[in-house]
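Just so you know, these numbers come straight off a predicted model, no measurement behind them.
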Amino acid sequence: IVQRAGYKKHFELSLDKYKTLTQKCIICGFKEIVDLHHFDQNSKNNSLSNLIPLCPNHHKMFHDQRYKDKIIAQIKDKKEELSLVYKKVQ
């Protein structure tokens, strides 16, 4: 369990790994507030490749059917950048 800003998250990560993964939104680079999103929307799947750092705006858009496909495409376009982030926490 990671506790940050009073909000508990269950990602089975150390605080250091959580902080590394949430340094910036993978889509826009926003750094102020970044959450981890379960890409497959299965909150029990905490494999690194399923945890995507997103700002509140892009996280909300992922859950909105009007924007979901666009956000998924943008995440897939950042696959290389994501793999570099994942390497930092392994």
Side-chain angles (χ1 to χ4, degrees):
I1 296 175
V2 174
Q3 200 169 20
R4 188 168 182 172
Y7 187 74
K8 290 183 182 179
K9 299 208 173 256
H10 302 269
F11 295 112
E12 299 174 10
L13 295 171
S14 69
L15 185 56
D16 288 341
K17 287 183 179 183
Y18 180 82
K19 286 180 177 180
T20 299
L21 286 172
T22 59
Q23 287 182 356
K24 68 177 184 172
C25 175
I26 198 64
I27 295 174
C28 69
F30 185 73
K31 296 178 180 183
E32 303 303 316
I33 301 171
V34 181
D35 265 338
L36 285 181
H37 172 73
H38 290 92
F39 188 73
D40 68 1
Q41 298 185 336
N42 175 358
S43 62
K44 295 183 189 291
N45 179 1
N46 292 310
S47 66
L48 277 180
S49 61
N50 190 46
L51 301 176
I52 310 295
L54 295 173
C55 67
N57 188 50
H58 286 114
H59 196 173
K60 177 79 172 165
M61 290 173 75
F62 187 97
H63 291 285
D64 188 318
Q65 291 303 314
R66 295 173 295 174
Y67 307 106
K68 187 172 186 169
D69 291 340
K70 180 179 180 178
I71 297 301
I72 288 172
Q74 289 177 322
I75 291 169
K76 287 180 178 178
D77 285 345
K78 299 289 186 168
K79 191 174 183 176
E80 247 181 73
E81 188 176 338
L82 268 172
S83 67
L84 293 174
V85 172
Y86 296 147
K87 283 181 185 178
K88 289 180 185 178
V89 297
Q90 289 180 339

query: Is the shortest heavy-atom distance from the side chain of Ile72 to the side chain of Phe39 under 4.5 Å?
result: yes
Heavy-atom distance under 4.5 Å between the side chains of Gln74 and Met61, does that happen here?
no
- Query: When the aromatic ring centroids of His63 and His37 are compared, is their separation below 6.0 Å?
  - Reply: yes
Please answer: with hydrophobic residues joined when any side-chain heavy atoms are less than 4.5 Å apart, are Phe30 and Ile52 in the same cluster?
no
d(Leu36 CG, Leu51 CG) to nearest 0.5 Å is 5.5 Å
- Item | Residues, nucleotides or ligands: over 12 heavy atoms within 6.0 Å of Glu80 CD | no
message: Counting only heavy atoms from other residues, nucleotides and ligands, does the tally under 6.0 Å from NZ of Lys68 exceed 12?
response: yes
State, with a plain yes or no, whether a side-chain heavy atom of Thr22 is found less than 4.5 Å away from one of Asp35.
no
**Prompt:** Can you tell if the side chain of Leu82 reaches within under 4.5 Å of the side chain of Ile75, non-hydrogen atoms only?
**Reply:** yes
In terms of heavy-atom contacts, Asn42 and His38 come closest through O-CD2, 3.4 Å
d(Tyr67 OH, His58 NE2) to nearest 0.5 Å is 11.0 Å
May I ask you to test the Asn46-Leu13 pair for a side-chain heavy-atom distance under 4.5 Å? no
In this structure, CZ of Phe62 is separated from CD1 of Ile27 (nearest 0.5 Å) by 9.0 Å
In short, Cys25 meets Val34 closest at the heavy-atom pair N-CG2, 3.8 Å
Value for OH (Tyr86) from CD (Glu81), rounded to nearest 0.5 Å, stands at 11.0 Å
Here the gap from Gln90 atom CD to Lys17 atom NZ, rounded to the nearest 0.5 Å, amounts to 8.0 Å
Margin query: Counting C-beta onward and ignoring hydrogens, is there a side-chain heavy-atom pair between Leu21 and Leu48 closer than 4.5 Å?
Written below: yes
Output for pair (Asn57 CG, Cys28 SG), nearest 0.5 Å, gives 7.5 Å
